[in-house]
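Data block below; observations after.
All ligand and atom numbering here is 1-based and tracks the order in the structure.
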Amino acid sequence: MTDFAATRAMFHLPEGVIYLDGNSLGPLPRAAAARVAAAVTDEWGEMLIRGWNAAGWIDMPARVGDRIARLIGAPPGSVVMGDTLSIKVYQALASALELVPDRRIILSDTGNFPSDLYMADGLCRTLGRGYRVQTVAPEAVEDAIGPDTAVVMLTEVDYRTGRMHDMARLTAAAHAAGALTVWDLAHSAGAIPVDLAGTGADFAVGCSYKYLNSGPGGPAFIYVAPTWAEVARPALSGWLGHEAPFAFAPDYRPARGIERMRVGTPPILQLAALDAAMDVWDIADIRDVRARSIELSQAFLAAVEAACPDLSLVSPRDPARRGSQVSFAHPEGYAIMQALIARGVIGDFRAPDILRFGFAPLYLGPDEVRRAAAILAEIMQHRLWDRPEFKRRARVT
Ligand SMILES: *Cc1c(COP(=O)(O)O)cnc(C)c1O
């Protein structure tokens with residue numbers, strides 16, 4: 001059984017803050033500060049260019065990728081780090097489409113994160129030739145898979161509501177119809193058990209700065225199923241995905257396996273932070289994390305519903321059908337969230353009216369969840385949100 005007091009001790013959280021936004025940006029792992037400092041002074045500072053070999057920088061994208069692979073049910077050598085998630089969505093999608101050359105439709109759902117849909121749309125415009133994105137309601141995806149569906153591209157856990165797709169079922173349905181799958185694990189990796197190999201997913205991508213705590217701008221990951229690893233052609237054919245980057249050959253030849261999904265120079269300082277952040281998984285079991293996250297989110301949900309009748313739950317009530325977050329809607333959601341943040345309870349707001357609360361048991365306990373619900377109740381009962389300073393919108397919500 002995971003010792004959550006021990007995992008909590010591995011994170012720095014500011015005094016007086018109850019952090020319910022680790023689904024958007026994880027907090028600082030204490031080891032990351034020291035590790036990044038060492039990478040800056042001992043590696044960059046002292047080794048200079050020699051760090052690529054001497055400090056193993058060149059191998060970091062695959063080495064750290066293997067640590068994430070263990071969390072998402074992927075075999076060693078099937079995950080690599082680099083770029084941002086939006087780029088990785090594009091890359092996975094482009095590779096998947098090439099593997100199903102006679103079909104033209106990317107099927108997704110209307111709840112998907114806008115960047116995923118924007119990237120898919122941009123790719124279709126570049127490809128021309130009748131490629132298009134089709135979006136349907138999340139519940140209608142399975143029935144919408146058809147003979148012209150090339151790729152089913154879904155985010156497993158909805159960023160707004162926390163609603164969870166059945167990855168195994170939809171992957172099987174896509175395969176039965178001759179389509180491939182691209183799964184976005186942005187709100188899954190580090191939050192819920194994922195079994196990429198078991199479900200037969202073809203491609204998967206995700207970010208590391210949410211439940212994996214790599215810090216702002218931390219690199220994304222990409223998974224390619226072993227079936228496709230040697231045949232998928234990377235549309236973003238950068239030099240570090242070349243078979244022999246330092247041969248500086250005029251023609252592109254993809255590297256063996258997952259290495260071909262690398263593009264350019266990896267962000268070494270962010271990878272150092274992520275590598276340190278992954279240490280917590282040496283003592284934490286994702287199944288324990290999931291069980292505890294359900295306890296915490298159910299307790300929060302019950303307390304908020306009992307005390308705040310004006311907030312309407314927009315997440316699935318059944319915890320088995322949602323990821324590690326709970327969301328409520330209210331027309332004044334933005335102001336309510338600002339009032340909460342002013343009292344030290346940090347969640348976030350998603351347009352048009354959603355208050356979003358993430359539960360990350362690695363550093364969040366039942367007492368904090370109870371206190372957060374009590375503060376929210378006070379804000380609602382006394383309309384403490386109804387002040388001009390809470391209604392001024394910042395650029396980032
Ligand atoms: C967080 C998130 C992103 C963000 O993409 P970046 O390129 O890292 O900014 C994309 N897609 C989904 C589903 C997300 O949850």
Side-chain angles (χ1 to χ4, degrees), residues 20-27 61 64-65 68 71-72 79-94 96 106-123 133 135 138 141 151-165 167 170 181-192 194 196 201 203-223 235-236 261 263-264 266-267 270-271 273-274 277 314-315 322-327 347-351 354 356-360 395-397:
L20 303 179
D21 211 6
N23 51 308
S24 203
L25 176 70
V64 177
I68 292 180
L71 265 187
I72 55 177
V79 173
V80 77
M81 311 304 303
D83 315 298
T84 71
L85 178 51
S86 303
I87 303 285
K88 267 12 207 174
V89 166
Y90 187 97
Q91 188 182 30
L93 206 45
I106 297 165
L107 176 64
S108 191
D109 72 64
T110 49
N112 205 345
F113 191 78
S115 197
D116 296 41
L117 297 174
Y118 302 159
M119 293 307 277
D121 193 49
L123 175 60
V133 181
T135 52
V141 170
V151 176
V152 179
M153 175 190 81
L154 297 170
T155 297
E156 187 187 21
V157 176
D158 185 295
Y159 75 105
R160 253 196 304 235
T161 64
R163 176 209 32 78
M164 202 156 74
H165 275 305
M167 187 187 291
L170 288 171
T181 53
V182 173
W183 285 98
D184 189 328
L185 305 179
H187 296 276
S188 308
I192 59 175
V194 176
L196 286 176
F203 293 82
V205 293
C207 48
S208 65
Y209 52 78
K210 291 172 180 162
Y211 293 99
L212 296 176
N213 314 304
S214 70
F221 63 84
I222 183 165
Y223 160 84
L236 302 174
M261 293 298 168
V263 182
Q270 293 275 187
L271 280 167
L274 173 57
V314 293
S315 298
R322 64 170 193 257
S324 208
Q325 68 177 68
V326 169
S327 304
D348 62 19
F349 171 78
R350 285 296 173 260
I354 290 183
R356 195 168 70 148
F357 301 95
F359 298 88
R395 272 187 79 182
V396 175
T397 64

Measure from the side-chain N and O atoms of Tyr159 to the backbone N and O of Ser24, and report whether any donor-acceptor pair falls under 3.5 Å.
-> no
For His165 and Asp158, does a side-chain donor sit closer than 3.5 Å to a side-chain acceptor?
-> no
Verify the distance criterion only: is there a donor paired with an acceptor across the side chains of Thr161 and Ser327 at less than 3.5 Å?
->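 No, Ser327 and Thr161 have no side-chain donor paired with an acceptor closer than 3.5 Å.
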What's the spacing between Asp116 CG and Leu93 CG if we round to 0.5 Å?
-> 9.0 Å
Does NZ or CZ of Lys210 fall inside the cone over Phe221's six-membered ring, less than 6.0 Å from its centre and within 45° of the axis?
->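 So Lys210 doesn't make the cation-pi contact.
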Around ligand 1, what residues show up once you keep those with a heavy atom under 4.0 Å from it?
->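 Close residues (ligand 1, cut-off 4.0 Å): Thr84, Leu85, Ser86, Phe113, Asp116, Thr155, Asp184, Ala186, His187, Tyr209, Lys210.
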For Tyr223, what residues pass the ring pair (Phe, Tyr, Trp, His ring centres under 6.0 Å) criterion, not counting sequence neighbours?
-> none
